[in-house]
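Taking it in order: structure first as structure tokens, then the write-up.
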Amino acid sequence: MEGSTSAANVEGRTELVDSLMTRRADSLKGGEKILEDEKVENSPDPSGSASPYHSDDEDPNEKIIVAFDEGDKDDPYNFSRGRKLYIVFAGMLLVINSTMGSALPAGATDATKKYFHIENEEFLVLPVSIYLIGYILGPMVFAPLSESYGRKIVMTCTFIMFTIFVMASALAPNFASLVVFRLLAGIGASTPVSVIGGIYADIYKDQRARGLAITAFMAGTTWGPLGGPIIAGFISVAEGWRWAYWIELIIAGVTWPIFIFIPETYGPVLLERKAKKMRKETSNPRFVAPSEVDKLDFWSIVTVVLTRPFRMFLFEAIVLFICLYLSLEYGIFYIFFQAYGPIFNGIYGFNPGEVGLAFLPIGVGAMIATGCYLCWDWYLRRAQNSPHPPAWSQKEEYVRLPLACFGGPLIVIGLLWLGWAARPEVPWIVPVLGALPFGIGFLIIFMSLINYIVDAYEVFAASALGAASASRSIFGVVLPFAARPMYSSLGVAWACTLLALLSALMCLVPFIFIKYGEKMRENSRFCKELKRKKAQDEARQQQRWERQRRASDRLAEAEKGAAEKAA
């Protein structure tokens, strides 16, 4: 009996906490954010201070739930355009630091092998794969914590950790310590890929603006891993493998002065600060933030907050299918870091630096993908704003998913192109260019599906992205170990064909979402909660405005009566 009661309490707390955290999931059409079942005191003062004139039926012991007023500069949605662009730029730098570090050792493989006298080829995969294990562990903890304690504190602590262990990697005395330091650096680097999407959702209410910010973010996640092997490939030949990590540390050092000025963007945390300030200024303990109504203890954080990415992965169909699709393509992307050496060094005699340059068409493809995204966005907006908008333009699934339908086949084409063109009688430029359609399709899929998941889950985006980051990192860890055996046993052509067939199967995912995505969202517990809260928020905002009007009328009557008595 006690166990069942405890389970019921945990489930109840889960619903309450998830409900409280949806304060930021306000209606895209606007409206004030007021949390459930609490009464917000009226205030005509745009600063958010509570009015001293209360309604007659107000309970003097009732908590006053602090909310952002319309136009409140403390509300991240109301940050200036320059401030938002600064946050977007700093987020891109952070994700470039993170993702560049993931692939950096791939360019220094030969130098690392010679320095540590490594005979087993599979050991050479460890510096890359162990870093991605950090991508598995970190997001499952840091993403939900950022939804409880704020983005800035979590990002700062993990970036400190990343910086320290990048330096430790450069100073590693032996291969075992290098692997350990790489794991710890990967844990510290895991936060940007899972939290920055949530930061962009914090500051951009408009779906289009948010999509453009996430597009820039995804471009960083592509160029980061591509830059790592190029830098390491040339610097390791000239100066040794340690300098690959020193360069990474220098880039982190340049990022720190920019990152440190990023403001906190998470609404519930900002409201806690606002409530604390109001309690201090008014000496009134009744002012509380929504997240302070039921402060979580340690056990609740463990069982409710930290399990949210797991619950979303297991019970949210949208999250599950997106995780599987992105995981496969991410794993293939990291297979290339192990396969390009045997392909271009073995067939064409490239040195490590030249092997790194062979990745550049993927980056060029990513730039083309960004252009494709902007063209689609323009076409969609024109259709939506036309005098008689077509029915498809009004459906949520058509905002993002058609791009993924286009990008999936491009990955299949790129894999087959690379596989069957890489042979001695074919000039090296032909298989190198095969990475171009792969790069276009890879980034288009990520831009489309990541934007779709952020639009669907909004305030829970960090947890959903944390689940996606962890799952795809598992593939990024495991699949590269199979790269060299697969390419040596099947040959380059058939190994790439196998990967192309798997990618072709996953191409069905966006088509399934277009057909059944609306029904999936209707059946989603998280999406239903967001929808319910939006309706409640609109109704309560109307009530709040009505109470403000009545309070203003009473104040005017009191002032009129006082003036008449004075006369």
With the threshold set at 4.0 Å, does a side-chain nitrogen-carboxylate oxygen contact exist between E397 and R521?
yes

Within the structure provided, determine whether S393 and Y398 are in side-chain contact (heavy-atom separation under 4.5 Å).
no

On the 0 to 90° scale, with breaks at 30° and 60°, tag the W256-F259 ring pair as parallel, tilted or perpendicular.
perpendicular

If we ignore hydrogens and angles and just use 3.5 Å, is the side chain of R279 paired with the main-chain N or O of F287 as donor and acceptor?
yes

Verdict with supporting geometry, F181 and F165, side-chain contact (heavy atoms from CB on, under 4.5 Å)
CA-CA 6 Å; F181 294 150; F165 287 105; 3.9 Å; yes

Tell me which donor-acceptor pairs under 3.5 Å the side chains of residues 88-98 have, and how far apart each pair is, sequence neighbours excluded?
residue : atom : partner : partner atom : Å
N97     : OD1  : A252    : N            : 3.3
N97     : ND2  : L93     : O            : 2.8
N97     : ND2  : T255    : OG1          : 2.8
S98     : OG   : Y135    : OH           : 2.5
S98     : OG   : A189    : O            : 2.5

What are the two closest non-hydrogen atoms of D202 and T265, and how far apart are they?
OD2-OG1, 2.9 Å

Is the charged tip of R311 near the ring of F315: under 6.0 Å from the six-membered ring centre and within 45° of its axis?
no

Sub-3.5 Å donor-acceptor pair from the side chain of W378 to the main-chain atoms of Y373, do we have one?
no

Please walk me through it: do L132 and I136 pass side-chain contact (heavy atoms from CB on, under 4.5 Å)?
CA-CA 7 Å; L132 295 180; I136 300 170; 5.9 Å; no

Ignoring hydrogens and geometry, is there a side-chain-to-backbone donor-acceptor pair from S190 to I187 under 3.5 Å?
yes

Taking D72's backbone N and O only, do any of them form a donor-acceptor pair with N78's side chain (distance below 3.5 Å, no angle check)?
yes

With R273 via salt bridge (charged side-chain N to carboxylate O under 4.0 Å, His left out) - residues at least two apart:
none

Stepwise side-chain contact (heavy atoms from CB on, under 4.5 Å) test for F162 and E248
CA-CA 11 Å; F162 168 77; E248 185 180 12; 3.5 Å; yes

Determine yes or no for a side-chain-to-main-chain donor-acceptor pair under 3.5 angstrom, with K84 supplying the side chain and Y77 the backbone.
yes

Above 12 or not: heavy atoms from other molecules or residues under 6.0 Å from CZ of F321?
no

Determine whether a donor-acceptor pair (N or O, by modelled atom type, separation under 3.5 Å) exists between the side chain of E264 and the backbone of Y266.
yes

R210 and D206: CA distance, side-chain angles, deciding distance, salt bridge (Lys or Arg N to Asp or Glu O under 4.0 Å) verdict:
CA-CA 6 Å; R210 184 170 64 233; D206 179 67; over 6 Å; no

Going through the distances and angles, do E281 and K276 end up as a salt bridge (Lys or Arg N to Asp or Glu O under 4.0 Å)?
CA-CA 9 Å; E281 290 178 348; K276 183 178 180 180; over 6 Å; no

Side-chain (T163) to main-chain (F159) donor-acceptor, under 3.5 angstrom:
yes

Could you check whether any side-chain heavy atom of R83 comes within less than 4.5 Å of a side-chain heavy atom of P263, counting everything from C-beta outward?
yes

Say whether E396 and Y452, considering side chains only, have a donor N or O and an acceptor N or O under 3.5 Å apart.
no

Side-chain donor-acceptor contact under 3.5 Å, R151 with S146
yes

Is the count of non-hydrogen atoms from other residues, nucleotides or ligands lying under 6.0 Å from Q384 atom CD greater than 12?
yes

Would a distance-only check, ignoring hydrogens and angles, find a side-chain to backbone donor-acceptor pair under 3.5 Å from S524 to M520?
no

K277 atom NZ, over 12 foreign heavy atoms within 6.0 Å:
no

Under the salt bridge (charged side-chain N to carboxylate O under 4.0 Å, His left out) rule, collect the residues that match up with R400, sequence neighbours excluded.
D455

Judged by modelled atom types alone, do Y334 and S129 share a side-chain donor-acceptor pair under 3.5 Å?
no

Out of curiosity, D75 CG to I203 CD1, how far, rounded to the nearest 0.5 Å?
11.5 Å

Check whether K73 reaches the backbone of F79 with its side chain - one donor and one acceptor, N or O, closer than 3.5 Å.
no

Check whether any side-chain N or O of T158 sits under 3.5 Å from a backbone N or O of M155 as a donor-acceptor pair, and report yes or no.
yes

Hey, mind stepping through L449 and I453 against side-chain contact (heavy atoms from CB on, under 4.5 Å) and telling me if it holds?
CA-CA 6 Å; L449 297 184; I453 209 171; over 6 Å; no

